[in-house]
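Structure, as structure tokens:
Letters go in sequence order (proteins before strands), and every chain restarts at 1. Since we're looking at a predicted model, the values are computed, not measured.
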Amino acid sequence: MSTYADAFAAGPNAAWLPELRKSAFDRFTALGFPTTRNEDWHFTSVTKIAERVFKPVKAGKNTLSTHDVEQLAGGESDWHRLVFVNGKFEKSLSNFAELPAEVTVATLQETLKESPEFVAERLGKLASFDAHPFTALNTAFAQDGVVIHVPRGVVVDAPLQIVHICDEKAAGASVHPRLLVVAEALSQFTIVENYVAVGTPSYFVNAVAEVEVGNGAIVNHYKVQRESTEAFHVGTVQVTQGKDSVYHSFSFATGAALSRTNVYTRMLGEGAEAKLNGLYLMDGTQHADHQTFVEHIAPNCASRELYKGILDGTSHGVFNGKVYVDPQAQKTDGKQTNHALLLSEGSRVDTKPQLEIFADDVKCTHGATVGKLDQVGLFYMKSRGINAESARALLTYAFAAEVLETIELDALRVQLEAHVFEHFVRQSQE
Amino acid sequence: MLKIENLHANVGDKEILKGISLTVNAGEVHAIMGPNGSGKSTLAQVIAGHPGYEVTSGSVIYEGADLLALQPEERAQHGIFLAFQYPVEIPGVTNAYFLRSAYNEIRKARGEEEVDPMDFLDLMEQKIKLVEMDEAMLHRSVNAGFSGGEKKRNEILQMAVLAPKLAILDETDSGLDIDALRIVAHGVNQLKRPDNATIVVTHYQRLLNYIVPDFVHVLAAGRIVKSGGKELALELEAKGYDWITEAA
Ligand SMILES: Nc1ncnc2c1ncn2[C@@H]1O[C@H](COP(=O)(O)OP(=O)(O)OP(=O)(O)O)[C@@H](O)[C@H]1O
Ligand SMILES: [Mg+2]
């Protein structure tokens with residue numbers, strides 16, 4: 001822990017928001033890394049993160065090209081793109097000049113210079129670090145990130161893509177990206193976050209996003225986590241939703257040795273809708289933990305959650321879906337579904353739904369299954385001449401397809417479908 | 001084409017097939033009838049290679065080779081097709097993709113070129129007319145949410161596309177309305193060739209008005225207790241099974 005104190009004292013950003021960073025660091029020092037005695041971390045040990053000292057990345061010259069970025073992260077030519085390599089913003093790889101003039105998109109560093117009060121008023125206001133050591137750590141150590149501000153009624157058609165790339169220069173280091181999104185009333189846009197790596201360095205990404213979705217606004221937020229399989233990834237998204245707003249989150253995870261993905265939304269305005277979906281594919285000794293927390297504070301809100309996991313090798317998946325329904329939140333309509341498919345004897349999944357309901361006129365359901373491939377379906381396919389391996393691959397792909405279908409951004413859906421298809425189907429036909 | 005001799009099969013410790021012998025030659029249609037639970041589907045599934053049934057003795061020779069030594073997919077690749085009594089739903093895999101995979105894997109196994117998606121679509125559009133199915137069904141998940149009758153037609157569509165040498169239809173007529181029955185029977189008749197054979201499992205003589213069998217067999221308690229010509233089906237319809245099963 002003392003090494004973090006040294007790093008904090010020497011931090012390159014010691015000048016900005018000193019009180020916030022100081023209190024975040026103090027809070028982190030008091031909390032320490034969570035242990036499995038903490039019920040939010042019961043199935044996930046972060047010892048491997050805690051026992052190592054991840055230093056800030058040393059500045060280095062970027063060697064990646066735009067072509068590399070496209071290969072790593074995908075995307076279409078009309079997407080607005082911001083690229084960070086080893087935590088550092090790379091202007092030459094980024095292109096977001098075509099955004100509507102009313103929309104402000106800038107790096108956190110730049111926004112702190114241009115309009116420090118905008119950041120000061122908002123940063124850390126949604127993502128509380130009181131009970132979240134990783135959020136405290138991010139708040140203390142964040143070096144850069146992205147600020148998105150879409151004013152009232154503005155609709156941005158092409159998605160905004162934020163790509164975080166780590167390469168060998170990040171080995172042994174940590175990156176704490178920060179994202180601040182303000183979607184004013186009736187605005188609409190889509191964010192795609194990619195976390196990717198060149199090679200298989202071992203590093204630690206600890207990301208925090210704060211997303212304010214105004215009345216009647218629609219925000220689609222996709223996260224594609226394909227970190228190095230030797231890396232560690234913790235990501236927290238804290239959302240607040242106004243009246244009649246829609247927040248749609250999709251979390252795709254295939255990377256990292258150990259990952260924890262938190263998606264939290266607080267539904268403050270009546271008639272809001274949250275759709276939180278995800279798919280993770282794990283193999284080898286990988287570990288992926290997903291936690292969602294839906295707070296129904298206002299009445300007449302709807303939440304839909306569908307998470308699916310496919311596990312092979314001795315990998316381990318965790319899904320913890322928390323729902324809180326406030327006494328005022330009558331007519332809440334909540335549905336949470338979690339399915340896991342185990343492809344091997346050694347893989348494992350732990351599921352924990354947690355419903356705390358304090359209103360009486362609500363509809364809240366949850367369902368979870370953990371199973372193997374359907375033997376009857378396998379036999380049916382084989383009886384039509386389909387080889388055993390292909391049949392298994394096809395059924396596995398089909399399992400994933402149901403949740404990939406919820407991705408409304410066509411180009412991304414096609415990309416991820418192809419990725420999953422390659423992963424399971426092509427490899428079986430070789 | 002198919003020669004079954006003294007076939008015994010178990011589920012767990014329970015013996016279900018208790019010595020079945022049956023010979024099917026190319027060009028023939030055989031009907032298998034018999035009371036519920038007598039083992040008709042079990043026989044069909046054992047021929048298709050269902051792993052849940054254990055063959056304890058007897059043999060099945062198909063085209064001169066030991067059928068029981070083959071994996072289910074190899075049997076299909078060698079021309080065996082079972083229309084399931086209860087067709088299986090496969091959510092997430094479209095009918096078109098499923099059929100194309102099956103078609104191409106069978107071709108590959110026979111050393112033939114795979115067909116590309118466009119050519120295959122042409123083939124399917126032609127075959128789908130045979131069973132009078134809506135083309136939209138091709139783009140839906142295999143059997144998922146299909147009505148009982150639609151599932152049965154889908155089985156016949158698969159059969160039409162895969163063009164098997166030996167087709168086994170397990171109660172494909174159950175749950176069909178009169179029109180569908182005619183369509184399914186027509187589909188089967190269209191596919192009939194001198195070098196292939198069909199085994200029809202049914203409870204109803206009315207199907208046999210459309211698909212005329214050369215032989216009718218009665219299966220009861222795991223054995224074939226009577227065989228005859230197509231008139232046997234009419235006799236069964238009139239008298240039920242008691243007179244045979246009691247005599248046996
Ligand atoms: N998996 C199984 N486990 C236990 N018993 C089984 C299993 N499969 C079949 N059986 C039993 O084997 C017997 C024969 O079943 P089968 O399905 O072959 O009958 P069937 O002649 O096709 O009947 P139906 O006319 O009702 O379709 C029945 O008593 C059935 O309960
Ligand atoms: Mg049956």
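Of the atoms belonging to B:Ala144, not a single heavy atom falls under 4.5 Å from chain A. Heavy atoms closer than 4.5 Å to chain B are found in both the backbone and the side chain of A:Ala388. Within the 4.5 angstrom heavy-atom criterion, atoms from both the backbone and the side chain of B:Phe98 approach chain A.
Judged by distance alone, the side chains of B:Ser59 and B:Glu5 never bring a donor and an acceptor atom under 3.5 Å apart. Side chains of B:Gln77 and B:Arg110: no donor on one and acceptor on the other come within 3.5 Å. When only modelled atom types and interatomic distance are considered, B:Ser41 and B:Asp170 share a side-chain donor-acceptor pair under 3.5 Å.
For the pair A:Lys308 and A:Phe399, the distance from NZ or CZ to the six-membered ring centre is under 6.0 Å and the angle to the ring normal is within 45 degrees.
Heavy-atom pairs under 4.5 Å with chain A were tallied for B:Met159, B:Gln158, B:Glu74; the largest tally goes to B:Gln158. Per-residue counts of heavy-atom pairs under 4.5 Å with chain A were compared for B:Thr94, B:Ile80, B:Val93; the largest is that of B:Val93.
Ring geometry, A:Tyr222 versus A:Phe250: the interplanar angle falls from 30° to 60°, so the pair is classed tilted.
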